[in-house]
Amino acid sequence: MSSTPSRPPVLALVDANNFYVSCERAFAPRLEGQPVIVLSNNDGCVVARSEEVKALGVAMGAPARDIRELLRRHRVRVFSSNYALYGDLSARLMDVLGRFAPRVEVYSIDEAFLDWSGFPEDGLIEYAREMVGTVRRWLGLPVSVGIAPTKVLAKVANRIAKRRKVPGGAVALLDADGQAEALADLRTADLWGIAGRWSAKLEALGIDTALQLRDADPPFLRSAFGVVVERIVYELRGIPCLALEEVAPPKRQIVASRSFGRPVVELGELREAVAFHVTRAAVRLRRQRSEAGGLQVSIGTNPFAPDDPPYHGHCTVELVSPTADTRVLIGQALRGLEAIYRGGYRYHKAGVMLLSLTSADRRQGALFQPGDPARSQRLMTAIDRINHRMGRGTVRFGTEGFGHGWAMRQARKSPAYTTRWSELPRVD
DNA sequence: TCTGGGGTCCTAGGACCC
DNA sequence: TCTGGGGTCCTAGGACCC
């Protein structure tokens with residue numbers, strides 16, 4: 001036991017406002033103040049909205065075709081997702097945030113928790129404003145900051161900062177009174193970790209607000225909902241249950257899947273798509289120095305096409321020994337595909353999931369393994385290096401095909417301003 | 001033309017073991 | 001009246017996140 005009473009932890013949650021939209025604006029300042037949306041892969045539905053678009057009542061996830069007329073009427077600028085751009089700006093954002101805290105957890109593409117424990121409490125808001133200003137100047141991105149003793153409360157503070165458009169974009173919830181006031185104003189569904197199903201169930205129990213949830217009985221909630229909700233209750237009371245995780249643990253599964261730009265009927269095209277997805281997944285697998293012990297292939301028709309007969313097939317394949325060799329993974333995935341393929345359906349999506357991931361560094365040597373693992377590893381490393389340096393797809397497997405007539409639609413993608421020499425922004 | 005993609009954690013229940 | 005009890009591993013399904 002320490003003899004000095006430890007001060008409560010202080011976390012700052014930094015979250016970019018309308019991140020994808022803000023990335024587009026960072027390189028097209030004319031869009032500032034204009035209504036802007038970004039669409040999902042395949043230009044299917046809305047995944048990011050500027051404030052102007054939110055004011056029009058466009059919902060997150062709205063299908064693009066349902067709001068076409070509205071978008072036209074209000075001259076909304078529409079973009080396909082540009083993950084090369086968003087990923088690169090995200091890395092730069094995290095880099096800048098790292099200058100403002102000794103410990104950082106990168107939580108998502110546009111969010112990070114910063115450890116500000118031990119910082120002078122009366123200077124926190126000023127410090128947050130300085131950080132917000134730096135991000136704005138260096139990257140052109142608007143961010144908001146929520147400061148509190150736990151992650152769940154930091155999320156609440158951040159939400160208030162965003163909604164109230166507080167100057168400097170920072171709100172602190174460090175004392176009991178401020179916390180109670182904020183929680184009384186919040187529905188449970190707006191808490192981090194509580195969504196529709198659970199909030200409806202809570203409401204049926206007479207728990208409508210976050211404050212009521214905070215003051216409810218933890219053992220009862222645990223029996224009714226499980227440990228996840230119980231933890232949220234303690235977090236709301238200022239007792240940390242969710243630790244800051246600086247180093248992301250390796251993924252336990254890796255998924256690569258996509259819907260097609262048009263319906264696909266032929267097995268040949270599905271083979272190309274599956275090989276393409278395996279290749280993408282395998283690159284991520286090797287990047288985290290893992291090997292897969294199994295994989296799952298899935299194909300399916302469009303659930304939103306009422307006239308198409310529905311079919312969904314999936315197949316799990318176990319590998320004799322774990323591998324990160326794309327050739328082996330493609331071979332097994334195609335075996336799985338052939339087992340589930342049924343002719344005559346209009347397929348809409350194909351995907352691959354790598355399973356039973358283990359560390360490549362402490363693999364068990366298999367007694368009867370075909371091929372030479374060291375050779376395989378050298379080949380994969382060489383391919384990854386070339387593709388990293390020369391661009392994705394420079395070296396690829398024939399099975400992936402070349403035409404990719406099934407590839408997703410991205411009719412309105414902005415340039416890869418920061419990651420492709422040929423698409424650098426021009427200053428005329 | 002026509003509704004994304006990539007993840008995590010927890011729990012319950014069955015199989016199996018001693 | 002009374003049919004063992006405790007542990008582990010795996011899987012499927014449900015809930016959530018951005």
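The figures here come from the full heavy-atom set of this structure, side chains too, leaving out hydrogens, waters and symmetry mates. Owing to the predicted nature of the structure, the values given are computational and were not obtained by experimental measurement. Proteins come first, then strands; the chains are lettered A, B, ... in the order of their sequence lines, and each starts at number 1.
As judged by a 4.0 angstrom heavy-atom cut-off over every strand, K201(A) is placed among residues making no nucleic acid contact. As judged by a 4.0 angstrom heavy-atom cut-off over every strand, I109(A) is placed among residues making no nucleic acid contact. A305(A) comes within contact range of no nucleotide atom at all, as no heavy-atom separation falls under 4.0 Å. Using a 4.0 Å heavy-atom cutoff across all strands shown, Q253(A) reaches at least one base atom of the nucleic acid. D110(A) comes within 4.0 angstrom of sugar-phosphate atoms only, judged by non-hydrogen atoms across all strands, and of no base. Note on G61(A): nothing from the nucleic acid sits closer than 4.0 angstrom, heavy atoms only.
Of all nucleotides listed (dG4(B), dC18(C), dT1(B)), dG4(B) comes nearest to the side chain of S40(A). Picking from dC17(C), dG7(B), dG4(B) the nucleotide with the shortest atom distance to the side chain of Y107(A) gives dC17(C). If you check dG7(B), dC18(C), dT3(B) against the side chain of R65(A), the one that comes closest is dT3(B). Side-chain atoms of R231(A) lie closest to dC9(B) of the nucleotides dC9(B), dC2(B), dT8(B). With distances taken from any side-chain atom of R409(A) to the nucleotides dG5(B), dC18(C), dT1(B), the minimum falls on dT1(B).
A close approach under 4.0 Å does occur between a side-chain nitrogen or oxygen of R284(A) and OP1 or OP2 of dG6(B). Dashed line: the shortest gap from a side-chain N or O of H348(A) to OP1 or OP2 of dT3(B) is under 4.0 Å. Put simply, S257(A) has a side-chain N or O that comes within less than 4.0 Å of OP1 or OP2 on dG6(B). Residue S259(A) places at least one side-chain N or O closer than 4.0 Å to OP1 or OP2 of dG5(B). Distances shown here put a side-chain N or O of N302(A) below 4.0 Å from the OP1 or OP2 atom of dT3(B). OP1 and OP2 of dC2(B) both lie 4.0 Å or more from every side-chain N or O belonging to R346(A).
Cation-pi geometry between K413(A) and F79(A) is not satisfied (NZ or CZ under 6.0 Å from the ring centre, within 45° of the ring normal).
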Going 5' to 3' along nucleotides 10-16 of chain C, which nucleotides have protein heavy atoms under 4.0 Å from the base (write B), which only from the sugar-phosphate (write S), and which from neither (write -)? -----SS
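Between H348(A) and F260(A), the gap from one ring centroid to the other reaches at least 6.0 Å.
Under the 3.5 Å distance criterion, with hydrogens and angles disregarded, no donor-acceptor pair is assigned to the side chains of D325(A) and T323(A).
When side chains are defined from C-beta on, R271(A) counts as touching L337(A), because their heavy atoms get closer than 4.5 Å. Counting only heavy atoms from C-beta outward, the side chains of L153(A) and L236(A) approach each other to under 4.5 Å.
Taking a pair as Watson-Crick or G-U wobble with both distances under 3.5 Å, the runs of three or more consecutive pairs in DNA chain C are B:5-18 with C:5-18.
Shown here is R412(A), whose CZ atom has no more than 12 heavy atoms of other residues, nucleotides or ligands within 6.0 Å.
Here the rule is side-chain contact (heavy atoms from CB on, under 4.5 Å) with I330(A), and of L295(A), V352(A), T399(A) only T399(A) fits it.
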